[in-house]
Amino acid sequence: MPKQRIKTSLYFFLKSLRIHEDEIVFAITCPDPGESDHVTRQLNGNNPTETVVYKCDSGYDYFSGNTTRVCGSDGQWSGEKLVCRAYLAVSNEQSNYIIAGTISGLLMDIFRAFKCVVLLTWMIFKKSGSTCTLPAELYNGGNTWTDIALQKTITFTTNKMTGFEIELAGETKDAFTCISNTGNVYVFKCDSTFTNIDFFKQPSFLCMKMVKVSGNLFYYHLLSEPDGTRQAKPDNFRIYFPAVSLFTSTGPDLASTPTCDYCSFTTPHSDSDFRMLQRQGTSENITQSEATLCLPCDADCSESQSPQSNSSKTDSDDSNVLLIVAIAVPTGVVAVIGVSAIIVVVMYKTLIMNGAKVAAVKGVSTTTGTNGGGPT
C-alpha cells in the first residue's frame with residue numbers, strides 16, 4: 001500500500017476519535033462535610049442540592065455554625081459546621097446533691113420562720129403583761145384604794161399599780177406593772193429604773209403576797225429581803241434589786257424566772273411588814289393577829305386566799321397558751337407559705353443566674369442563630 005494512502009487513513013481515524021469541548025460532562029460532588037463533638041449528623045447525600053443536617057446531643061446547646069448545609073454546584077458546602085457546648089456542666093450525682101441541699105435548706109428556713117413567729121407572739125404577750133392578772137376586786141367597782149401603812153391612794157388596773165410611792169436613790173417611784181404571779185404572790189416591776197451607787201441603771205421589783213379578806217379589804221406582805229444598800233426609803237424596805245452591769249440593766253428573763261425567785265428572803269418579818277388595802281369609801285378593817293403570813297412563798301393559803309388570786313395564774317396561763325396557739329399556728333402557716341414562696345423565687349433566680357454564669361465560663365451563647373444558624 002502506498003505510503004500516502006496509509007497516512008490519509010491514519011489521519012481520518014485519529015480525527016474520528018476527537019471529542020468536541022461542548023460535549024464534555026464532569027461528575028461534581030461535595031467532599032465529606034465533617035463531624036463535630038456532641039453533634040448528631042444526618043447526611044442526605046453529597047451531590048449538588050443535597051443536604052446534611054446537624055443536631056446537638058442531649059445536654060448540649062447551640063454555640064455556632066449551621067444546623068443545615070447544602071451541597072453547591074461548585075462542590076462546596078454552604079455555611080459552617082454546627083458547634084455545640086454544654087449548657088450546665090453538672091453531673092447527675094452533683095444534681096442530686098444540689099436538690100438534696102436545696103430541700104434541706106428550705107425545710108430549715110421554714111422551721112426558723114415558724115419558730116420566729118411563735119417566739120415573737122410569745123414576746124408580745126409577755127411584754128403586754130398578759131401573764132399576770134390582778135384580783136378583779138382591785139380594779140372593778142371602784143379601783144382606788146388606801147394603803148393604810150403608807151397613807152397613800154393606790155389605783156389598780158388589770159396589771160398596773162400607781163400611787164405606791166417609794167424613794168429609790170433620791171428618785172420617787174410610784175408606777176409599777178405586774179409581770180408575774182403564782183397563786184396569790186404577785187411581782188411588780190417598777191416602770192422606770194434609777195441610777196444606783198455604781199452609776200448603773202437599776203431595775204427594781206416588789207413581791208407582794210396579797211390576801212383577800214372581802215371585796216373591800218385586802219392585806220399583803222412584801223416578801224423580798226430588806227434593802228441593805230440604803231437606796232430605798234423607807235429604810236429596810238423589802239425590795240428586790242437584780243444584779244446589773246454596764247451591758248445588762250433589764251433584770252431577770254421573765255420567760256424563765258419563777259415568780260418566787262424575786263421573793264426569797266432570810267430576814268424574818270416584823271409586824272410592820274403587814275399592810276392593808278382598804279377600798280376608799282369603806283371602813284372595814286383587820287387586826288395584825290388576823291393577818292397571818294403563809295410561808296413559804298408558793299405555799300397554798302386557801303383558807304384565806306382570794307378565789308381570783310388562787311386561780312389567776314392557772315386560768316391566765318391556760319388562756320394565754322390557747323391564745324398564743326390560736327394566733328401563732330395560723331400566723332405561722334401564713335408566714336411559712338410566704339417565706340417559702342420567697343425562698344423558691346430567690347432559689348430559682350439564683351439557679352438561673354448560676355447556670356448563666358457556668359454557661360458564660362464555658363462559652364455558651366444564650367442566643368440562637370437565624371437563617372439556619374441555630375436550632376429551630
Side-chain angles (χ1 to χ4, degrees), residues 1-103 105-106 341 343-376:
M1 180 181 293
K3 289 184 179 181
Q4 185 63 35
R5 188 175 177 181
I6 294 173
K7 288 182 180 180
T8 301
S9 298
L10 182 60
Y11 169 77
F12 284 105
F13 172 75
L14 292 175
K15 186 176 181 181
S16 67
L17 295 177
R18 290 185 178 181
I19 301 174
H20 293 288
E21 184 178 351
D22 57 358
E23 294 178 352
I24 298 175
V25 178
F26 296 97
I28 300 175
T29 59
C30 291
D32 188 294
E35 297 184 0
S36 299
D37 293 336
H38 314 300
V39 174
T40 299
R41 186 188 77 171
Q42 180 182 338
L43 180 62
N44 299 318
N46 60 351
N47 295 319
T49 72
E50 292 181 324
T51 61
V52 60
V53 178
Y54 299 97
K55 180 181 179 182
C56 291
D57 292 340
S58 177
Y60 295 84
D61 203 359
Y62 170 85
F63 179 68
S64 65
N66 301 85
T67 57
T68 301
R69 301 174 68 189
V70 181
C71 179
S73 59
D74 58 354
Q76 299 296 322
W77 291 99
S78 63
E80 300 291 339
K81 286 193 301 183
L82 179 66
V83 177
C84 299
R85 296 284 177 86
Y87 59 82
L88 186 59
V90 178
S91 66
N92 289 335
E93 184 178 0
Q94 290 173 321
S95 298
N96 292 335
Y97 280 119
I98 291 174
I99 293 173
T102 299
I103 294 175
L106 180 60
I343 292 173
V344 168
V345 171
V346 172
M347 286 172 51
Y348 174 77
K349 290 185 176 180
T350 302
L351 288 174
I352 293 299
M353 292 176 63
N354 288 341
K357 290 178 181 177
V358 173
V361 170
K362 290 184 169 292
V364 178
S365 173
T366 57
T367 59
T368 56
T370 56
N371 298 326
T376 58

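Note that the numbering runs from 1 along the sequence shown for the chain.
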Sorted by first residue and then second, give each salt bridge (Lys or Arg N to Asp or Glu O under 4.0 Å) pair with at least one member in residues 48-57; sequence neighbours left out. none
Please list every donor-acceptor pair under 3.5 Å in which a side-chain atom of residues 27-35 meets a protein atom from a residue at least two apart or in another chain.
unit_1	atom_1	unit_2	atom_2	d
Asp32	OD1	Gly34	N	2.7
Asp32	OD1	Arg41	NH1	3.0

Between Ser64 and Val83 (side chain of the first, backbone of the second, donor and acceptor by atom type, cut-off under 3.5 Å), is there such a pair? no
Taking side-chain contact (heavy atoms from CB on, under 4.5 Å) as the test, write out the residues that go with Val39, two or more places apart. Ser36, Tyr54, Leu82, Cys84
Start with the C-alpha distance between Asn44 and Val53, add both sets of side-chain angles, then the distance that settles side-chain contact (heavy atoms from CB on, under 4.5 Å), and finish with yes or no. CA-CA 8 Å; Asn44 299 318; Val53 178; 4.1 Å; yes
At what distance, to the nearest 0.5 angstrom, does CG of Asp37 lie from SG of Cys56? 11.5 Å
Atom CZ in Arg69, atom CG in Leu43: separation rounded to 0.5 Å? 10.5 Å
Spacing of Thr51 atom OG1 and Asn66 atom CG [to the nearest 0.5 Å]: 12.5 Å
Listed once per pair and sorted, the ring-ring contact (aromatic ring centres under 6.0 Å, His included) pairs that draw on residues 28-52, sequence neighbours left out: His38-Tyr60
